[in-house]
Protein chains: 2
Amino acid sequence: MRYSIGQVAKKTGLTAHTLRYYEKEGLLPFVQKTGSGLRVFSDTDIGWLEMIECLKGVGMSLKDIKQYIDWFREGDETLPQRLEMFQQQRAHLENQMEQLNKYMAKINYKIHLYTEAVRLGSLEKAHQNKELQAEQQRVYGDMF
Amino acid sequence: MRYSIGQVAKKTGLTAHTLRYYEKEGLLPFVQKTGSGLRVFSDTDIGWLEMIECLKGVGMSLKDIKQYIDWFREGDETLPQRLEMFQQQRAHLENQMEQLNKYMAKINYKIHLYTEAVRLGSLEKAHQNKELQAEQQRVYGDMF
DNA sequence: GTAATCTTTAGAGTTAACTCTAAGTCAAGA
DNA sequence: TCTTGACTTAGAGTTAACTCTAAAGATTAC
């Protein structure tokens, strides 16, 4: 299938502006153009956009994503670099997920605390609750 | 315990510049000052910084974090707003974690693919591997 | 064929979150 | 006391990633 920039924008949730910006930054080197200059996206390009979303989602900068794309274009000589990059990103992602679990515990505690506080009309009083105090201990000291 | 800005910087990994910036933005309204103008951080302030880290980590802007801190300062009238905020952040965090799991599956596939590609010296050939093709199907179509 | 819509470019503008500078003040050790 | 290093402020500068504008050309629907 072929897609115009507007169709891709709809499909991906990005704006046409952003797609052009990505292309200018070298992130979409495979997008074709018609004789009159209109961009034509293929399913392969959509696939690249999904990969870009993934790499952005794990915290890579557009600059580093471009590096990966450049390596891809250089061919099999850069296979080790690309492998190493993905290994680093996995490690990074593992740390991120661990962090998010800690944040989740903290936020769950807050939800329990504030649910009780709303019920009692007082944060002070909710804080007296022994179960909440125990949860706070588990999650880690706070007051806020 | 009392801490200077430099000690807090060391403790938290933030720079003194960033701590002053946070204070200027209204995120640290409880930090004291000595007669001569030096900031004095307490353990409570460290606790706020940990909360700020958590909220930043789940994707909140400093502006929205400040809103929460302002609500806190307004007292028990704003308990419902704060509860709702934490509930929204939990929902957001759940989506985030789901996304990260998908990204992890994608990156794991890449690691398997590139490990094989490095072994064979060819991405093309690695792509022939039936097990990898099956994993790709599970994770979702790509080529990149 | 023509009006409405879409797309093009170059380049300017925006936003969030820092990050740094300069010029001066404060504190602790020899 | 002197020096060294940490701290102060106001304000300027930076960076990444968009986001928008203007003026023109291309495409689609009727």
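Chain naming here is simple, since letters A, B, ... match the order of the sequence lines and numbering starts at 1 in each.
- In this structure, CG of L49(B) is placed 12 Å from P of dC18(C), rounded to the nearest angstrom.
- The nearest whole Å value for the distance from the OH atom in Y22(B) to the C1' atom in dT9(D) is 20 Å.
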Working for salt bridge (charged side-chain N to carboxylate O under 4.0 Å, His left out), residues E23(B) and R20(B): CA-CA 5 Å; E23(B) 193 192 36; R20(B) 285 188 208 103; over 6 Å; no

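- Nearest nucleotide to the S36(A) side chain, out of dC18(C), dT8(C), dT27(D): dT27(D).
- Going from atom CG of L14(A) over to atom P of dT7(C) covers 14 Å, rounded to whole Å.
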Trace of the side-chain hydrogen bond (donor to acceptor under 3.5 Å, both in side chains) decision for Q133(B) with Q137(B): CA-CA 6 Å; Q133(B) 283 178 10; Q137(B) 283 307 314; over 6 Å; no

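- No close placement of the W48(B) and Y22(B) rings is indicated, their centers lying 6.0 Å or farther apart.
- If you check dC18(D), dT7(C), dC18(C) against the side chain of I5(A), the one that comes closest is dT7(C).
- We find that CG of L27(A) is positioned 10 Å from P of dC18(D), with the value rounded to whole Å.
- Taking atom CG of residue L19(B) and atom P of nucleotide dT9(D), one finds them 12 Å apart after rounding to whole Å.
- Of the candidates dA17(D), dC7(D), dT21(C), the closest approach to any side-chain atom of H17(B) belongs to dT21(C).
- Across all strands, T15(B) comes closer than 4.0 Å to no nucleic acid atom at all (heavy-atom distances).
- When the side-chain nitrogen and oxygen atoms of K24(A) are compared with OP1 and OP2 of dT19(D), none of them lie within a distance under 4.0 Å.
- Per the geometry, CZ belonging to R2(B) stands 22 Å off P belonging to dA6(D), to the nearest Å.
- The side chain of L38(B) lies closest to dC7(D), out of dT8(C), dC7(D), dA17(C).
- Projected onto DNA chain C by closest heavy-atom contact, T34(B) and K56(B) fall at different nucleotides, the more 5' of which corresponds to K56(B).
- Note: CZ (R20(B)) to P (dG11(D)) measures 16 Å, nearest angstrom.
- Separating the CD atom of Q7(A) from the C1' atom of dT5(C) is a distance of 13 Å, rounded to the nearest angstrom.
- With a 4.5 Å cut-off on side-chain heavy atoms, L83(A) and I111(B) count as touching.
- Residue Y21(B) has no polar side-chain atom (N or O) positioned under 4.0 Å from OP1 or OP2 of dA16(C).
- Place K63(A) and E23(B) on DNA chain D by their nearest nucleotides, and E23(B) ends up nearer the 5' end.
- Dashed line: the shortest gap from a side-chain N or O of K33(B) to OP1 or OP2 of dT9(D) is under 4.0 Å.
- Checking the phosphate oxygens (OP1, OP2) of dT9(D), a side-chain nitrogen or oxygen of R39(B) falls inside 4.0 Å.
- Checked by atom type, the side-chain pair Y103(A)/E53(B) shows a donor-acceptor distance below 3.5 Å.
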